[in-house]
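What you see below is based on every heavy atom in this structure, not just the backbone, and it leaves out hydrogens, waters and symmetry mates.
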2 protein chains.
Amino acid sequence: MADVHPALLMYLGYRHTENRVMAELAEAGFDDVTLAQARVFQRLAEDGIRLTDLAEQAQLTKQSTQFLVDQLEQAGYVERRPDPSDARARLICIAERGREAQLQARQVENAIRREWTRHLGKERMALLTELLQDLRPLVDPFE
Amino acid sequence: MADVHPALLMYLGYRHTENRVMAELAEAGFDDVTLAQARVFQRLAEDGIRLTDLAEQAQLTKQSTQFLVDQLEQAGYVERRPDPSDARARLICIAERGREAQLQARQVENAIRREWTRHLGKERMALLTELLQDLRPLVDPFE
DNA sequence: ACAATTAGTCAGACTCTCTGACTAATCTGA
DNA sequence: TCAGATTAGTCAGAGAGTCTGACTAATTGT
């Protein structure tokens, strides 16, 4: 069947990457992060993010996000700092252990990038990335 | 930041499509399907599939899959038939209401395909699909 | 200054997913 | 051939994840 929807193919690529990252994180000792936690963690920005914004990006309610961030904080992956611009808000930042996990995750991501590049060739891999980027305005609610 | 991982871009495309399908299904009256149910339903083959195989493809335990299939069956989206080749097994098939929902979902998918094609152009859309297909052996555990 | 909005929290219910223990049918090899 | 191992599915219970609703405190706008 040649007529598989591109979105399904995208899903396969994403799922494969997520699986690999989770597996290798666990192997590297980060075996206390759940998938749900990782999906939230993944969206943390370098300079911190508010719970509400994080929730919106993760497509979760802020209560659900809070539940997961609490666990990430408990486990040392994340810390909350006061938001200097708003006393109600707090900025969720990557903490020490989170930084280490992030490094590990990036290595897996890079490995996958290399595998895909080796398979497609450098040109076509660049093309794929470019095409996906082009599609972004249509599919990314934050762009 | 130009260096977003292609897998993340893939995720955005998939999530957008899934969101759209779910929203328009709900609008068309199929508002009793949950996301978890839909993700299982999506994997049903024309000639039926066994619970165990469905579970493997959905990356769930067979107990979880059973839980969701039971609900889909209750709601008329799915029916179970005996498997002629194995008296232990049953084939999970698409039922009447499921057929209707599938039709609706396909229309949304086709609409998205058209939108993407309009945005990228016919050539580049074909190229994207081809590149994603090429990647499939690396990312699809069933290929 | 005060009403409306926004950021976050708390509590409780419901959905989803898992592990473990089980039955029945099928397969395998001595 | 037939007894043990495997496979397909089920049942029960626990745990994780997600939601809605009600709330407090800070900020914004008029």
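- Atom OG1 in Thr129(B) sits 8.5 Å away from atom NE2 in His5(A) (nearest 0.5 Å).
- Contacts with DNA chain D (heavy atom under 4.0 Å) in residues 19-52 of chain A: Thr34(A), Ala36(A), listed by number.
- Listed nucleotides: dT26(C), dT27(D), dG17(D). Nearest to the side chain of Ala87(A): dT27(D).
- The residue Asp83(B) sits apart from the nucleic acid: no heavy atom pair falls under 4.0 Å.
- With dA25(C), dC16(C), dT18(D) as the choices, the nucleotide that has an atom nearest any side-chain atom of Leu68(A) turns out to be dT18(D).
- Atom CG of Leu25(A) and atom CD of Gln102(A) lie 10.5 Å apart (nearest 0.5 Å).
- When side chains are defined from C-beta on, Phe30(A) counts as touching Glu100(A), because their heavy atoms get closer than 4.5 Å.
- Rounded to 10 degrees, the angle between the two end axes of the helix from dA1(C)-dT30(D) to dA30(C)-dT1(D) is 30°, with five pairs used at each end.
- For the pair Gln74(B) CD and dT15(C) C1', the interatomic distance rounds to 16 Å; values are reported in whole Å.
- In this entry the distance linking CD of Gln71(B) with P of dT10(D) reads 14 Å, nearest Å.
- A salt bridge between Arg97(B) and Glu79(B) is absent, with no side-chain N of the basic residue lying under 4.0 Å from a carboxylate O of the acidic one.
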Pairs under 3.5 Å (N/O, protein and nucleotides 19-24 of chain C):
residue : atom : partner  : partner atom : Å
dG20(C) : O6   : Gln63(B) : NE2          : 2.5

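- Following rounding to the nearest Å, Leu91(A) (CG) and dG8(C) (P) show an atom-to-atom distance of 8 Å.
- Every pair passing salt bridge (charged side-chain N to carboxylate O under 4.0 Å, His left out) that includes a residue from residues 34-44 of chain A is listed here, sequence neighbours excluded: Glu18(A)-Arg39(A).
- Put simply, CZ on Arg90(A) is 14 Å from C1' on dA26(D), counting in whole angstrom units.
- Asn110(B) has its side chain within reach of Arg113(B): a pair of non-hydrogen atoms, C-beta onward, lies under 4.5 Å apart.
- Between Asp83(A) and Arg88(A) no salt bridge is recorded (no basic side-chain N to carboxylate O distance below 4.0 Å).
- Under the 4.5 Å side-chain criterion, counting only non-hydrogen atoms from C-beta, Pro6(B) is not in contact with Gln133(A).
- Phe67(B) has its CZ atom 13 Å from the P atom of dC14(C), to the nearest Å.
- Between the CD atom of Glu73(B) and the C1' atom of dG9(D) there is a distance of 13 Å, rounded to whole Å.
- Salt-bridge check for Glu73(B) with Arg90(B): failed, with every basic side-chain N at 4.0 Å or more from each acidic carboxylate O.
- Taking only side-chain atoms of Ala89(B), from C-beta outward, the nucleotide of dA8(D), dG8(C), dA7(C) with the closest atom is dA8(D).
- A salt bridge links Glu46(A) to Arg99(A): at least one charged side-chain nitrogen sits closer than 4.0 Å to a carboxylate oxygen.
- When rounded to the nearest whole Å, the span between CD of Glu56(A) and P of dT6(C) equals 12 Å.
- Separating the CG atom of Asp86(B) from the P atom of dT6(D) is a distance of 17 Å, rounded to the nearest angstrom.
- Applying the salt bridge (Lys or Arg N to Asp or Glu O under 4.0 Å) rule to Arg118(B) yields no partners; only residues at least two apart in sequence or on another chain are considered.
- Judged as a salt bridge (charged side-chain N to carboxylate O under 4.0 Å, His left out), not a single pair has a partner in residues 51-62 of chain B (not counting sequence neighbours).
- Here Arg80(A) reaches the OP1 or OP2 of dT9(C): one of its side-chain N or O atoms lies under 4.0 Å away.
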